[in-house]
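Note sheet for the following structure.
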There are 2 protein chains.
Amino acid sequence: MPDTFLDKDQPANRFARAREAQAAAVLEDYVEMIGDLIEEFGEARVADIAARMSVSQPTATKSIARLKREGLAMSRPYRGVFLTEEGAALATRVRARHRTIVEFLVKTGVPRDIAELDAEGIEHHVSQVTLEVFERALQARGGD
Amino acid sequence: MPDTFLDKDQPANRFARAREAQAAAVLEDYVEMIGDLIEEFGEARVADIAARMSVSQPTATKSIARLKREGLAMSRPYRGVFLTEEGAALATRVRARHRTIVEFLVKTGVPRDIAELDAEGIEHHVSQVTLEVFERALQARGGD
DNA sequence: ACACAAATATAGCCATGGCTATAACTTGGT
DNA sequence: ACCAAGTTATAGCCATGGCTATATTTGTGT
Ligand SMILES: [Mn+2]
Ligand SMILES: [Mn+2]
Ligand SMILES: [Mn+2]
Ligand SMILES: [Mn+2]
């Protein structure tokens with residue numbers, strides 16, 4: 001065996017890679033939205049999270065349990081949900097990526113409302129390299 | 001109740017919409033690939049489908065069962081898999097969309113290998129409107 | 001203090017898409 | 001004809017993310 005260090009979690013092919021990206025999608029959307037709610041209301045209630053995600057309250061509760069398991073959020077029973085440092089950092093990154101993608105689509109010619117809809121799914125599959133390409137495209141004569 | 005006809009299946013919000021797009025992703029990838037295999041080898045064997053998807057053979061068998069249930073494919077036990085008319089039509093559409101997205105990303109400045117990886121996930125979330133915007137961008141001085 | 005409404009948790013169901021282990025079938029070679 | 005190898009099907013497990021129904025807790029108003 002060679003003693004070089006290989007990148008971990010290298011998916012075998014493009015389908016496996018897309019599956020991995022998808023697995024993080026729910027986590028990403030929840031932390032971003034919990035961050036939004038805390039920003040807006042000072043706290044994130046389960047009922048508000050469920051409403052914004054358009055899922056039932058028990059479904060939101062279950063996903064929040066996964067966030068907690070993965071160290072992204074914290075909460076005590078019947079209290080609001082908070083982000084850990086790691087969760088807050090993820091929320092910030094995810095929010096920036098979301099915005100970049102929407103703005104890139106809009107600049108390319110997609111109506112903003114449609115860009116918002118498409119971006120909600122697309123965002124989870126855009127690699128860092130592609131994101132930087134989008135950012136560069138936006139900087140080039142950005143607000144024409 | 002008003003007697004106007006409303007569009008069916010209108011998701012309540014962007015998250016529900018992304019969930020719906022995701023639900024079709026596996027179906028789309030399988031029909032496209034089965035079409036590829038039939039094109040290349042004259043038939044699509046379960047083992048080859050599983051290998052290309054990087055899943056186990058039983059996982060492929062199960063997904064093929066879903067394709068059959070949904071009227072996209074047909075097969076008899078221990079025989080190859082075939083596409084129905086509907087499945088073949090979907091494969092054609094999905095393949096064209098995949099290519100458009102890859103070419104658009106490449107033209108925007110994303111390295112081709114990365115564009116291929118990202119497109120495998122992105123493709124399922126690009127609306128018809130956005131796809132047409134991409135196509136127009138490609139036609140404008142396409143091969144510089 | 002207490003009752004009631006609202007919010008949250010819990011129980012228990014389902015479909016999907018992963019997996020491994022093993023059974024059953026098909027096929028090619030002797 | 002038959003056996004071995006290869007291929008496909010089946011059984012049975014798990015995690016995730018949906019749902020409804022119901023229990024529990026919180027907090028507010030009287
Ligand atoms: Mn999203
Ligand atoms: Mn988002
Ligand atoms: Mn795909
Ligand atoms: Mn594809």
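Every chain is numbered from 1, with letters handed out A, B, ... down the list of sequences. These numbers come from the heavy atoms of this one structure, side chains and all, not from hydrogens, waters or symmetry mates.
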Could you state the atom-to-atom distance from [atom1] of [X] to [atom2] of [N] in whole Å?
X	N	atom1	atom2	result
B:Arg17	D:dG18	CZ	P	16 Å
B:Met53	C:dC19	CE	C1'	15 Å
A:Glu28	D:dG17	CD	P	12 Å
A:Ile49	C:dA9	CD1	P	10 Å
B:Asp29	C:dT16	CG	P	17 Å
B:Asp48	D:dT7	CG	P	9 Å
B:Glu20	C:dT16	CD	C1'	16 Å
A:Arg69	D:dA15	CZ	C1'	8 Å

With a 3.5 Å cut-off and just heavy-atom distances, do the side chain of B:Tyr78 and the base of D:dA9 make a donor-acceptor pair?
->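 Counting by modelled atom types and ignoring angles, no donor-acceptor contact under 3.5 Å is found here.
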
Looking only at N and O atoms, is any donor in the side chain of B:Gln57 or the base of D:dA9 less than 3.5 Å from an acceptor on the other one?
->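 Such a pair exists between side chain and base.
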
Return no unless some side-chain N or O of B:Arg79 is found under 4.0 Å from OP1 or OP2 of D:dT8.
->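 No.
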
Closer than 4.0 Å, any side-chain N/O of A:Arg45 to the OP1 or OP2 of C:dA7?
->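 A:Arg45 to C:dA7 OP1/OP2: no side-chain N or O under 4.0 Å.
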
Nearest to the [X] side chain among [options], which nucleotide is it?
X	options	answer
A:Val46	D:dG18, D:dT20, C:dT8	C:dT8
A:Ser56	D:dT16, D:dC19, C:dT20	D:dC19
A:Arg19	C:dG18, D:dT10, D:dA21	C:dG18
A:Pro58	C:dA21, C:dT16, D:dA21	D:dA21

State whether B:Arg66 and B:Glu70 are salt-bridged, where the test is any N-O pair (Lys NZ or Arg NE/NH1/NH2 against Asp/Glu carboxylate O) under 4.0 Å.
-> yes

Do the side chains of B:Glu32 and B:Glu123 get nearer than 4.5 Å, heavy atoms only?
-> yes

Non-hydrogen side-chain atoms of A:Val26 and A:Ser63 separated by less than 4.5 Å |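 Heavy-atom side-chain distance check passes, below 4.5 Å.
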
Main-chain N/O of B:Gly71 paired with B:Thr84 side-chain donor or acceptor, under 3.5 Å =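 Yes, the answer is positive, given that a donor and an acceptor are paired below the 3.5 Å cut-off.
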
Residue from A:His125, A:Arg17, A:Arg14 passing side-chain hydrogen bond (donor to acceptor under 3.5 Å, both in side chains) with B:Asp118 = A:Arg17

No-hydrogen, no-angle side-chain donor-acceptor test under 3.5 Å, A:Glu135 and A:Gln139 |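 Distance-only check fails for A:Glu135 and A:Gln139.
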
Do any of residues 59-68 of chain A sit with a heavy atom less than 4.0 Å from DNA chain D, and if so which?
-> A:Thr59, A:Lys62, A:Arg66

Candidate pair B:Glu40 and B:Arg52, rule salt bridge (Lys or Arg N to Asp or Glu O under 4.0 Å), full reasoning = CA-CA 13 Å; B:Glu40 284 180 52; B:Arg52 292 229 176 160; 3.0 Å; yes

